[in-house]
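Presented below is the structure to which this report refers.
In what follows, residues are counted from 1 in the order of the sequence shown. Fair warning: this is a prediction, and the values are worked out from it, not measured in the lab.
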Amino acid sequence: APATLAPPVPAGTGAPSGAPSDRTEPMAEVLPNPSVDSEKSGKDVELGENKVERSLSPKKAEDKARSIVDEQATDRGKLMLMVPVLLLVVGLVLTLLLLFLGAMPAAVQTGFDSFMGRNNACQSGEKGRCVSAAPIMHYYMYRVQNDEDYSPENQNMANIPGALWYLHNEIVWHPWLRAGTYAATPKTRIERFLVFSRASQELYDKGMNFGVVNTYDLGKCSGPYKCENLEEYGPVVGCESWNPKAENNFPHGQWTGTNVYPNAVWYSLPGKCSSKKFWKQSGDCAKNEPSGACPLGVVPTGEWTCTYTYQKVGELRISDIENITSLEDLVEGGGREYSRKNDKGKKLHFWDSIHDPKACQKRVEKVKKMFAEKYPDQPVLDDPACDFNVGKFYPYFPAGTFDRPHETNAT
């Protein structure tokens, strides 16, 4: 007999959740899923490898750490080897540089110059070409200056006591103008220059590092005598002091005993064309009359074209030193810097007592302190000894010539 079909179950009349259903459906055959199995297999393999790796990681970490330590030790060893090599190379370069600049100790420098053939000029007696065995001097020079800026070559310079003596003796006693007797341009400042100098071999052979102070008039050498010293020793730095026991108080010996500024020194810096005034210093005269100034940064060699180098490194205004706003305000207010007659100023007492060594020393200390406060990064440098000796310098002093007296033609 044909099967009787069960009537359809209306929607919403099925058994509630959890209750057995009267409807029977054939069960679907469960088959394995290849993608799931492979993924699971892969995870199992990965987990296995991780387990192996975790089991081996302490040994690998130890090996890796040992490898890093070995590499660092190797690098340190290489660095330790490189440091002395680099220091040796730098030392050799600096030594060669100093040798070529002529800045090594005399014994070493002389041997190097002989090896290089540089002292042939010294041995042959050729003037002006010899690299000197004299030491290099390193110190400050000062210049009392107006508001104009120009080179200190063919000019007279000083240390601090010497600059203050110049101002005190020749400048500040003029009542209306801070200028010299024969000058109309007022002095306004004290300039500082850093100087390196080296005597020519011709001068050093006489036992001196400094020559005579040459005087200048608008750049032209005016003495002493006829400036013959420039042809004999070259354009070397000159110095002069006023120690009664020394023989360096020339050519201004009249101030010995009068100038009581302690250790006051004047200098001169011979420049090119010293036989001519500034506006005529051109053409071939520089070849025949060279300047002693080296290019900036070059260590002096003592050759006649390089006996000193200079660089301006500071200045002080004179009114600041005196602690006034200006000379004009002082004068308008009835004051005066200094009176020779009264040996003191009016409404200004910085210059009082020119003949008192303690008062002079006090002025020197104030100026030194002001430079130190204004330029704290600059080194403190001692003044070199002024070893100029007039009797050694001029063999026939006081004739003022380097020829024998009977060979000298009167002029």
Practice item. Verify side-chain hydrogen bond (donor to acceptor under 3.5 Å, both in side chains) between Asp343 and Tyr338, making sure each step is shown before the conclusion. Key: CA-CA 7 Å; Asp343 192 27; Tyr338 177 72; 2.5 Å; yes

Exercise for review: Would you give the length of the straight line joining atom SG of Cys130 to atom CD of Glu202, rounded to the nearest 0.5 angstrom?
Suggested key: 6.5 Å

Point to revise | Aromatic ring proximity Phe371/Tyr140, centre distance under 6.0 Å | key: no

Practice item. Provide the closest heavy-atom pair for Ala134 versus Ala199 in the form atom of the first, atom of the second, distance. Key: CB-O, 3.7 Å

Practice item. Output the distance between atom CZ (Phe250) and atom CZ (Phe393), rounded to the nearest 0.5 Å. Key: 9.5 Å

Check your understanding: Is any side-chain heavy atom of Met141 less than 4.5 Å from a side-chain heavy atom of Pro152?
Key -> no

Review point. Would you say Ser274's side chain and Cys221's backbone share a donor-acceptor pair under 3.5 angstrom?
Key: no

Exercise for review: Using the side chain to side chain contact (heavy atoms under 4.5 Å, CB included) rule, take Lys362 and Lys366 through it: C-alpha gap first, then chi angles, then the decisive distance, then the call.
Suggested key: CA-CA 6 Å; Lys362 187 176 179 180; Lys366 179 177 181 179; over 6 Å; no

Point to revise | Those residues that, when tested against Phe196, pass ring-ring contact (aromatic ring centres under 6.0 Å, His included) (two or more places apart) | key: His138

Revision key, fill the gap. Correct closest heavy-atom pair for Arg143 and Ser151 would be NH1-O, 3.2 Å

**Study point:** Heavy-atom donor-acceptor pair, Gln281 side chain to Cys273 backbone, under 3.5 Å
**Key:** yes

Check your understanding: Pairs in or reaching into residues 152-178: which pass side-chain hydrogen bond (donor to acceptor under 3.5 Å, both in side chains), with residues at least two apart or in two chains?
Key -> Glu153-Ser291, Glu153-Tyr310, Asn159-Asp383, His168-Tyr261, His174-Thr181, Arg178-Ser319, Arg178-Glu322, Arg178-Glu337

Exercise for review: Give, for atom CG of Leu88 and atom CG of Leu92, the distance between the pair rounded to the nearest 0.5 Å.
Suggested key: 4.5 Å

Point to revise | Test log, rule side chain to side chain contact (heavy atoms under 4.5 Å, CB included), inputs Leu327 and Leu330 | key: CA-CA 5 Å; Leu327 179 61; Leu330 176 69; 4.2 Å; yes

Exercise for review: Show your reasoning for whether salt bridge (Lys or Arg N to Asp or Glu O under 4.0 Å) applies to Asp356 and Arg363.
Suggested key: CA-CA 11 Å; Asp356 183 351; Arg363 284 184 278 271; over 6 Å; no

**Study point:** side-chain hydrogen bond (donor to acceptor under 3.5 Å, both in side chains) pairs, two or more places apart, involving residues 239-253
**Key:** Glu240-His252, Asn249-Thr256

Practice item. Test Tyr375 against Val313 for side chain to side chain contact (heavy atoms under 4.5 Å, CB included), laying out the working first. Key: CA-CA 9 Å; Tyr375 305 102; Val313 293; over 6 Å; no

Point to revise | Step-by-step side-chain hydrogen bond (donor to acceptor under 3.5 Å, both in side chains) determination, Thr188 to Asp147 | key: CA-CA 6 Å; Thr188 57; Asp147 283 331; 2.8 Å; yes

Exercise for review: Say whether, by atom type as modelled, one donor and one acceptor occur between the side chain of Ser222 and the main chain of Thr215 under 3.5 angstrom.
Suggested key: yes

**Study point:** Asp387 with Lys392: basic N within carboxylate O range, under 4.0 Å
**Key:** no

Review point. Rounded to the nearest 0.5 Å, how far apart are CZ of Phe350 and CG of Leu164?
Key: 5.5 Å

Exercise for review: Show the numbers, then the answer: is there a side chain to side chain contact (heavy atoms under 4.5 Å, CB included) between Val367 and Leu316?
Suggested key: CA-CA 8 Å; Val367 173; Leu316 293 177; 4.1 Å; yes

Review point. Quick one: are the ring centres of Phe278 and Tyr216 less than 6.0 Å apart?
Key: no

Review point. Quick check: are there more than 12 heavy atoms from other residues, nucleotides or ligands sitting under 6.0 Å from CG of Asn323?
Key: no

Exercise for review: Mind checking the OH-SG spacing from Tyr308 to Cys294? Nearest 0.5 Å is all I need.
Suggested key: 8.5 Å

Practice item. For Asn146 and Glu148, indicate whether the former's side chain and the latter's backbone hold a donor-acceptor pair under 3.5 Å. Key: yes

Point to revise | Side chains of Leu218 and Trp279 in contact at under 4.5 Å (non-hydrogen atoms) | key: yes

Point to revise | Interatomic distance, Trp304 atom CH2 to Glu289 atom CD [nearest 0.5 angstrom] | key: 11.5 Å

Check your understanding: Which word best sums up how the rings of Tyr267 and Tyr139 line up, parallel for under 30°, tilted for 30 to 60°, or perpendicular for over 60°?
Key -> tilted

Revision key, fill the gap. Per salt bridge (charged side-chain N to carboxylate O under 4.0 Å, His left out), Glu315 is matched among Arg189, Lys187, Arg192 by Arg189

Review point. Looking only at atom types and distance, does a side-chain atom of Lys272 sit under 3.5 Å from a main-chain N or O of Ala293, one as donor and one as acceptor?
Key: no

